[in-house]
Amino acid sequence: MTQVNTCLKRTVTIFNLFFAIIGGFIIALALLSQILTNVNGGEGLEGRTAGLILLYVVGSVTMVIAILGAYGAHRENRACLIVFLVCMVIGSLMMIRAGIPAAISRPELEGTLEEKFHELLPLDKASEDVKNMAESLQTQLHCCGLFSYEDWREDIPRSCLCDQEYEIEGKCQSVSYGRLMQRKSVYTKTCFPVILHYTLLLVDVMIGVVFSLAALALLGMVLSSLMIHQMRYPYRPTILMTVPAVFTTPPPKYQELHNPPEY
């Protein structure tokens with residue numbers, strides 16, 4: 001077994017154990033989501049299958065790579081560390097490849113979403129799935145219409161009607177609609193700004209997570225490269241940083257060495 005710096009060895013081991021814990025947490029999250037879905041009678045399981053499979057795959061791959069790196073660092077196994085290094089290189093490139101286009105297209109997301117939601121109007125002529133989704137959002141977010149209550153034209157649903165509490169707080173408006181000019185009190189707030197806010201927040205979080213993983217992968221790549229280098233050249237002396245001569249006190253002159261000044 002070659003001689004490797006103890007501090008570096010422990011750092012690489014702890015680094016990988018931390019990622020193994022993250023992988024286990026992702027798998028536990030997928031299991032918990034599946035259990036809760038089964039408890040609810042399996043409602044929505046078909047729509048979540050792809051997401052659960054993705055969580056299982058990401059968690060399993062993360063754990064395997066982390067355990068491989070921790071074993072390689074603890075046992076000073078060069079082959080395991082080389083495989084770990086290759087995985088870190090591939091992972092960092094994938095994260096950067098996914099994160100940069102997402103960050104570039106983020107400013108255009110608001111206009112794209114607005115255009116897509118405008119295609120759903122008017123809501124009273126939309127499909128039943130769109131209507132149910134809109135009414136569910138209106139009930140949960142206490143809003144009416146995507147951009148205005150007029151999105152429903154003459155068929156304003158009950159989910160738009162204000163509660164007495166919101167009327168007291170002044171968050172409602174009285175509108176008239178239909179041929180008989182009936183009046184209803186509906187929510188002043190529209191749904192699209194709320195949807196946009198949470199969508200942009202989710203995108204920002206995802207971009208932050210992607211770049212954080214890329215940075216951590218680069219850190220793992222550097223640490224594993226240093227350890228492999230030490231294992232390959234165990235007797236090479238450590239390179240120390242030297243201070244430039246301009247910042248140091250100049251050596252005494254030749255005359256001063258032979259004729260020291262009298263004090």
Side-chain angles (χ1 to χ4, degrees), residues 29-30 32-34 36-37 39-55 97-212:
L29 183 64
L32 180 62
S33 178
Q34 186 173 0
L36 292 177
T37 304
V39 169
N40 293 330
E43 296 181 359
L45 182 60
E46 296 181 358
R48 298 181 184 179
T49 301
L52 290 175
I53 293 176
L54 180 62
L55 286 177
R97 176 66 181 84
I100 292 179
I104 293 175
S105 61
R106 196 272 186 199
E108 304 173 359
L109 183 60
E110 181 176 354
T112 303
L113 284 176
E114 186 173 355
E115 182 179 350
K116 293 295 183 182
F117 276 98
H118 269 295
E119 294 177 359
L120 302 176
L121 302 180
L123 291 176
D124 59 333
K125 300 297 182 182
S127 63
E128 289 298 323
D129 292 338
V130 173
K131 286 183 180 180
N132 294 334
M133 181 189 68
E135 292 203 39
S136 176
L137 288 172
Q138 290 174 165
T139 302
Q140 296 176 8
L141 303 177
H142 302 288
C143 54
C144 183
L146 294 174
F147 303 95
S148 170
Y149 71 92
E150 296 179 350
D151 294 342
W152 292 99
R153 297 200 295 189
E154 298 181 1
D155 190 20
I156 297 178
R158 293 183 59 86
S159 57
C160 274
L161 302 183
C162 262
D163 297 334
Q164 185 176 3
E165 178 183 353
Y166 280 83
E167 288 184 359
I168 295 174
E169 294 178 358
K171 298 180 180 180
C172 304
Q173 58 180 337
S174 180
V175 300
S176 57
Y177 70 99
R179 297 179 180 178
L180 300 178
M181 298 302 290
Q182 299 178 4
R183 300 194 66 82
K184 285 187 178 181
S185 180
V186 300
Y187 294 112
T188 304
K189 182 172 65 175
T190 56
C191 297
F192 178 75
V194 183
I195 297 172
L196 179 64
H197 169 74
Y198 285 108
T199 302
L200 294 179
L201 179 62
L202 179 61
V203 170
D204 290 339
V205 170
M206 291 178 63
I207 292 175
V209 169
V210 167
F211 280 108
S212 298

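The figures that follow rest on heavy atoms only: side chains count, while hydrogens, waters and symmetry mates do not.
Around atom CE of Met206, no more than 12 heavy atoms belonging to other residues, nucleotides or ligands sit under 6.0 Å away. No more than 12 heavy atoms of other residues, nucleotides or ligands lie within 6.0 Å of CD in Glu115, so this atom counts as exposed by the packing criterion.
Between atom NZ of residue Lys116 and atom CZ of residue Phe192 there is a gap of 12.5 Å, rounded to the nearest 0.5 Å. A distance of 8.5 Å separates CD1 of Ile156 from CD of Glu150, quoted to the nearest 0.5 Å. Rounding to the nearest 0.5 Å gives a distance of 10.0 Å between SG of Cys172 and CD of Glu165. Taking CZ of Phe147 as the reference point, atom NE2 of His118 lies at 3.5 Å (rounded to 0.5 Å). The CE atom of Met133 sits 9.5 Å away from atom SG of Cys191, with the distance rounded to the nearest 0.5 Å. Taking CG of Leu161 as the start and SG of Cys144 as the end, the distance is 8.0 Å to the nearest 0.5 Å.
Of all heavy-atom pairs spanning Cys160 and Gly145, the tightest one is SG-N, 4.1 Å. Smallest separation of non-hydrogen atoms from Asp124 and Arg153: OD2-NE, 3.3 Å. What you find for Leu200 and Arg106 is that their closest heavy atoms are CB-NH2, 3.7 Å. Considering all non-hydrogen atoms of both residues, Thr190 and Cys143 come closest at C-CB, 3.6 Å.
Proximity of Tyr187 to Gln138: side-chain heavy atoms (C-beta onward) are nowhere separated by under 4.5 Å. Proximity of Leu113 to Ile195: side-chain heavy atoms (C-beta onward) are nowhere separated by under 4.5 Å. Considering only heavy atoms from C-beta on, Leu196 stays 4.5 Å or farther from Phe117 through its side chain. Residues His142 and Asp163 are in side-chain contact: their nearest non-hydrogen atoms beyond the backbone lie under 4.5 Å apart.
Checked by atom type and distance alone, the side chain of Asp155 never pairs as donor or acceptor with a backbone atom of Trp152 at under 3.5 Å. Between the Asp151 side chain and the Leu123 main chain, no donor and acceptor come within less than 3.5 Å of each other. Looking only at distances, a side-chain donor or acceptor of Thr139 sits under 3.5 Å from a matching main-chain atom of Glu135.
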